[in-house]
Amino acid sequence: MKRSSRRTFLKKSAGAVVAGGALLHPDALSVTTASAAVPAPAGPLEATIDVRKVGEPITKYMYGMFLEQLADLVYRSLWSEMLDDRKFYFPVNSAPEKKMGPRFRRMRLRKWRPVGGDQFVVMDKDNPYVGEHSPRITLGGATARGIQQSGLALQKGKVYTGRAILAGTPGAKVKVSLVWGTGAGDRQTVTVSHLRSDYAKFPLKFTAQTNTEDGRLEILGTGQGSFHIGTVSLMPTDNIDGWRPDTTRLLRELNSGFYRLPGGNFISDHNWRDAIGRDRDKRAPTWDYAWHFMQPNDVGMDEFMTLCKLLNVEPYVTVNAGLGEADSAAALVEYTNGSVHTRLGARRAANGHPEPYHVKFWDIGNEMYGFWQIGHTYLRYYVLKHNAFAKAMRKVDPSITLVACGAMPDEMTVTGNALLTTGQSQAKYGSEADWTGGMLAKCWGNFDGIAEHWYCRSGMRYDLNVGNRDPFPLGSTTTLPSNYGYVPVKESLVDWARRPSNRVRLKSEAWHEYQKRFPAMKDKKVFLAIDEWAYTGTRPNLKLALCYALVFHEMFRHTDFLKMSAFTFGISCLDFNSTEAIYNSTGQLFKFYREHFGTLPVEVTGNSPQPAPKWPVGGDQPKVNAGSPTYPLDVSAALTSDRKFLTVAIVNPTESAHKIALNIEGVKVGGKPSVWQMTGASLDAADVLGQKPQIEIRENQIREAVSALTIAPIRINIYAFELVGMA
């Protein structure tokens with residue numbers, strides 16, 4: 001994920017955008033939809049589907065997800081631990097809570113508060129259990145002193161278990177209580193009477209007697225002397241190896257194929273060894289300098305492998321090519337894939353996982369082209385680093401699939417890296433600003449695929465002229481002016497919806513250019529992985545679902561080289577709180593296509609080409625607009641893997657109904673065709689936790705002839721035709 005080192009000019013998330021260093025509410029960047037109707041084609045709209053022309057399969061990896069250890073993207077949302085800062089990275093005092101993390105996804109960590117006065121809680125550096133210090137509480141006889149953390153969501157009748165690691169003088173008596181109300185009886189307490197000078201583990205078990213969003217855990221002591229708190233943990237007992245059962249169940253049902261993890265910008269300053277070990281309590285918390293966030297290190301490689309198993313997906317691991325070294329990356333390969341007879345495979349077994357994880361996909365570095373990335377360097381030096389990583393990792397396991405960090409001219413241009421590198425806003429093929437071209441030229445043989453990222457911002461477009469007018473001496477800074485190169489734009493709904501799929505189209509145009517420059521790409525079957533992508537500045541709703549359906553269609557048109565994609569973020573498919581979760585519109589869409597659309601794409605032609613670009617080609621504008629030649633509708637078709645059905649997806653990203661004739665060639669269809677429809681009452685229709693669902697998905701029989709289908713406004717239809725023979 002992208003960031004600037006001092007002033008953020010481009011950030012992204014599922015629900016917010018940072019512009020000019022300030023967090024803007026998504027509504028502040030809402031697109032102005034033109035009221036004029038979309039021009040109709042000259043004649044009746046037609047789509048010809050030739051079942052004889054079958055493309056490369058749409059693999060399960062096309063529906064992949066990206067997950068980064070940032071804010072609530074892992075902790076709280078997926079990981080079941082209820083307590084923040086359970087290893088006491090921060091001092092325990094009465095200072096106000098502060099939000100942490102980047103502006104686009106801030107999170108308020110719940111603080112531990114002193115009970116009885118700040119002066120009685122000291123962060124002891126001489127006797128820490130883990131990390132740099134542990135709280136020591138000085139006792140005052142019968143007056144209870146200690147610490148507490150509030151803001152815990154509790155459910156009536158639910159059992160919560162955990163542990164407290166405590167040490168103390170012989171005269172100390174400690175009570176650990178879970179509190180759910182203000183009455184004297186609104187709590188359960190575990191009493192610890194026999195403390196020792198060395199730390200010991202004490203089990204905790206509570207059953208909440210009411211629902212509350214403001215439960216509290218208290219650790220209070222009485223008597224003489226003092227006591228130390230090493231760590232504390234509290235989880236609902238229905239956790240699955242530490243993971244939430246509700247959110248993981250929903251994500252599993254998306255059938256995503258793979259998850260790219262654990263980062264992200266986070267990875268460039270992360271040492272994987274900090275987050276392994278059978279005893280999670282002894283993993284010291286660390287500071288994440290990429291996102292300015294505390295990492296408790298409860299979730300590491302072993303936990304992520306368990307998560308992938310729970311989600312029934314393959315792991316796609318990104319290694320630290322920022323401050324990390326080739327030897328460390330190779331060691332991680334041995335830890336995950338090595339047998340128990342290897343040094344690090346034996347260490348994995350000692351940590352409770354004797355079977356190798358057999359991780360196939362490995363990503364060397366995250367956005368190393370970006371000036372925001374920790375450890376970023378010039379392309380001419382980075383290629384040496386990549387080659388060293390690839391050779392060291394393959395020496396450990398020659399069977400792994402390596403994906404190199406790329407950035408085509410579109411990405412280098414819109415992020416400002418071309419301007420910082422060459423002094424020109426538009427990246428040119430073969431220049432220092434052509435990161436992907438440089439990787440192909442200097443790292444050939446040391447990768448199997450190229451990773452690309454793209455993010456679009458609602459209501460904004462990149463302007464080449466504006467980008468070229470931002471003056472500063474070349475090489476004088478690692479920051480860019482606020483909102484570099486971007487200008488507000490008013491667009492029709494169909495143009496707004498097509499903007500992200502245009503970035504996919506740009507990748508395809510560049511890929512074909514690279515194939516001309518490096519013909520061996522086809523023979524070696526070098527593939528493209530778009531392993532981060534999203535539309536920012538707009539909330540998950542039907543409008544966004546229309547857009548993401550168009551992205552799917554554009555990716556399906558390029559399966560000859562586009563083999564993997566990872567949406568940012570996996571958890572962004574859900575609307576969730578501390579105890580519940582549902583699919584939002586994005587999750588609904590992923591599930592919709594995964595369950596109902598085929599896997600063998602077939603050719604679609606039509607009689608209504610996409611209109612010519614409105615803006616100068618370059619930056620985020622391709623030479624040819626994305627979409628099928630059935631404007632303003634977008635049509636994609638695919639056979640099921642058993643070739644018994646033809647599925648046809650039609651997106652209507654307009655506020656008017658449109659008729660279209662389907663001409664199916666090369667096969668006979670029969671039976672009673674079905675259609676699955678995804679729609680809502682308005683563009684703003686959304687599924688929000690605790691509210692009545694607004695997104696509707698229903699199945700119907702087709703009642704009209706395929707030669708005259710009517711596609712209702714703001715609708716996504718997937719048709720299924722049974723094949724009964726060749727035409």
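Just so you know, residue 1 is the first one in the sequence shown, and it goes up from there.
None of K87, K282, R76 except one satisfies the salt bridge (Lys or Arg N to Asp or Glu O under 4.0 Å) rule with D298; the exception is K87.
Remark: K158 NZ is packed, more than 12 non-hydrogen atoms of other residues, nucleotides or ligands lying under 6.0 Å away. Residue-environment remark: CD (E132) stays at or below the threshold of 12 foreign heavy atoms within 6.0 Å. By the 6.0 Å contact criterion, CD on E696 is enclosed, its count of non-hydrogen atoms from other residues, nucleotides or ligands being greater than 12.
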Determine whether Y335 and W272 satisfy the following criterion, ring pair (Phe, Tyr, Trp, His ring centres under 6.0 Å), listing intermediate values before the conclusion.
CA-CA 10 Å; Y335 182 84; W272 64 269; 5.4 Å; yes
Would D281 and Y199 count as a side-chain hydrogen bond (donor to acceptor under 3.5 Å, both in side chains) here? Give the steps.
CA-CA 12 Å; D281 293 334; Y199 287 100; over 6 Å; no
Is there a side-chain contact (heavy atoms from CB on, under 4.5 Å) between D288 and D269 once you walk through the steps? CA-CA 7 Å; D288 175 0; D269 187 36; 5.5 Å; no
Go through E334 and R348 one step at a time and tell me if the salt bridge (Lys or Arg N to Asp or Glu O under 4.0 Å) criterion holds.
CA-CA 9 Å; E334 182 175 301; R348 182 196 65 244; over 6 Å; no
Could you walk me through whether K60 and E314 pass salt bridge (Lys or Arg N to Asp or Glu O under 4.0 Å), step by step?
CA-CA 10 Å; K60 63 181 180 179; E314 291 187 41; 3.4 Å; yes
Test log, rule side-chain contact (heavy atoms from CB on, under 4.5 Å), inputs V115 and E218
CA-CA 9 Å; V115 176; E218 294 179 347; 5.6 Å; no
Practice problem: Any chance you could lay out the side-chain contact (heavy atoms from CB on, under 4.5 Å) test for D124 and S134, step after step, and finish with the verdict? | Solution: CA-CA 5 Å; D124 188 356; S134 294; 5.5 Å; no
Item to complete: Step by step, work out the side-chain contact (heavy atoms from CB on, under 4.5 Å) result for R187 and L178.
Response: CA-CA 5 Å; R187 63 176 58 216; L178 185 66; over 6 Å; no
Q: Tell me, with the steps shown, if Y583 and D575 meet side-chain hydrogen bond (donor to acceptor under 3.5 Å, both in side chains).
A: CA-CA 6 Å; Y583 292 123; D575 192 46; over 6 Å; no
Derivation of the side-chain hydrogen bond (donor to acceptor under 3.5 Å, both in side chains) call for Y75 and E81
CA-CA 7 Å; Y75 298 102; E81 179 61 58; over 6 Å; no
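Formation of a donor-acceptor pair under 3.5 Å by the T647 side chain with backbone atoms of A720 is not found in this model. With hydrogens and angles disregarded, no donor-acceptor distance shorter than 3.5 Å links the side chain of R145 to the backbone of V121. Checked by atom type and distance alone, the side chain of R113 pairs as donor or acceptor with a backbone atom of A95 at under 3.5 Å. A side-chain donor-acceptor contact under 3.5 Å links T237 to the backbone of V159. S177 places no side-chain N or O within donor-acceptor distance of the main-chain N or O of V179, the cut-off being under 3.5 Å. Not a single donor-acceptor pair under 3.5 Å links the side chain of N541 to the backbone N or O of A685. With S256 contributing its side chain and F258 its backbone, the two residues share no donor-acceptor pair below 3.5 Å. D72 places no side-chain N or O within donor-acceptor distance of the main-chain N or O of S77, the cut-off being under 3.5 Å. In this structure, N584 contributes its side chain and S572 its backbone to a donor-acceptor pair below 3.5 Å. In this structure a side-chain-to-backbone donor-acceptor pair under 3.5 Å is present from H133 to F88.
Taking 4.5 Å as the limit, every side-chain heavy atom of P296 sits out of range of all side-chain heavy atoms of R280. Between Y357 and D302, the closest side-chain pair of non-hydrogen atoms falls below 4.5 Å. Taking the side chain as every heavy atom from C-beta outward, I695 and L542 approach each other to under 4.5 Å.
Close placement of the F590 and F552 rings is indicated, their centers lying within 6.0 Å of each other. Under the 6.0 Å cut-off for aromatic ring centres, Y89 and W112 do not qualify, their centroids lying 6.0 Å or more apart. For Y160 and F206, the ring centers are positioned 6.0 Å apart or more. Taking the six-membered ring where the residue is Trp, the centroids of F567 and W533 are separated by under 6.0 Å.
No side-chain N or O of W243 forms a donor-acceptor pair with one of T306 less than 3.5 Å apart. If you check the side chains of W291 and Q69, you find no donor sitting under 3.5 Å from an acceptor. Side-chain atoms of S328 and N271 include no donor-acceptor pair closer than 3.5 Å. Side chains of Q677 and R698: a donor-acceptor N/O pair is present below 3.5 angstrom, by distance only. Side-chain atoms of N312 and N255 include no donor-acceptor pair closer than 3.5 Å. Between D687 and Q588, the side chains place a donor N or O and an acceptor N or O closer than 3.5 Å (distance only, hydrogens not considered). Between the side chains of T318 and D363, at least one donor N or O sits under 3.5 Å from an acceptor N or O. Side-chain atoms of Y455 and T568 include a donor-acceptor pair closer than 3.5 Å. N93 and K111 are linked by a side-chain donor-acceptor pair at a separation below 3.5 angstrom, with hydrogens and angles left out of the test. When only modelled atom types and interatomic distance are considered, Y316 and D531 share a side-chain donor-acceptor pair under 3.5 Å.
For the residue pair P262 and I267, the shortest heavy atom distance occurs at CG-CD1, 3.6 Å. Shortest non-hydrogen contact noted between D274 and R283 is O-CB, 3.7 Å. Nearest approach of M62 to S565, heavy atoms of both residues: O-OG, 2.6 Å. Across I582 and V688, no two heavy atoms sit closer than the pair CD1-C, 3.6 Å. The two residues S197 and A167 come nearest to each other via the heavy atoms O-CB, 3.7 Å. The two residues L311 and T248 make their nearest non-hydrogen contact at CD2-O, 3.3 Å.
Atoms SG and OH, from C547 and Y535 in turn, are 6.0 Å apart once rounded to the nearest 0.5 Å. Here the CD1 atom belonging to I219 is positioned 7.0 Å from the CZ atom belonging to F227, to the nearest 0.5 angstrom. Remark: Q694 CD to S585 OG distance equals 10.5 Å, nearest 0.5 Å. For the atom pair CG of N577 and CG of L689, the computed distance is 5.0 Å after rounding to the nearest 0.5 Å. With values rounded to the nearest 0.5 angstrom, L234 atom CG is found 10.5 Å from S80 atom OG. Distance check: R249 CZ to I240 CD1 gives 10.0 Å after rounding to the nearest 0.5 Å.
In this pair, F592 and H596 present their aromatic rings perpendicular. The plane angle is above 60°, beyond the 30 to 60° band.
Using a cutoff of 4.0 Å between basic side-chain nitrogens and carboxylate oxygens, E68 and R260 are not scored as salt-bridged.
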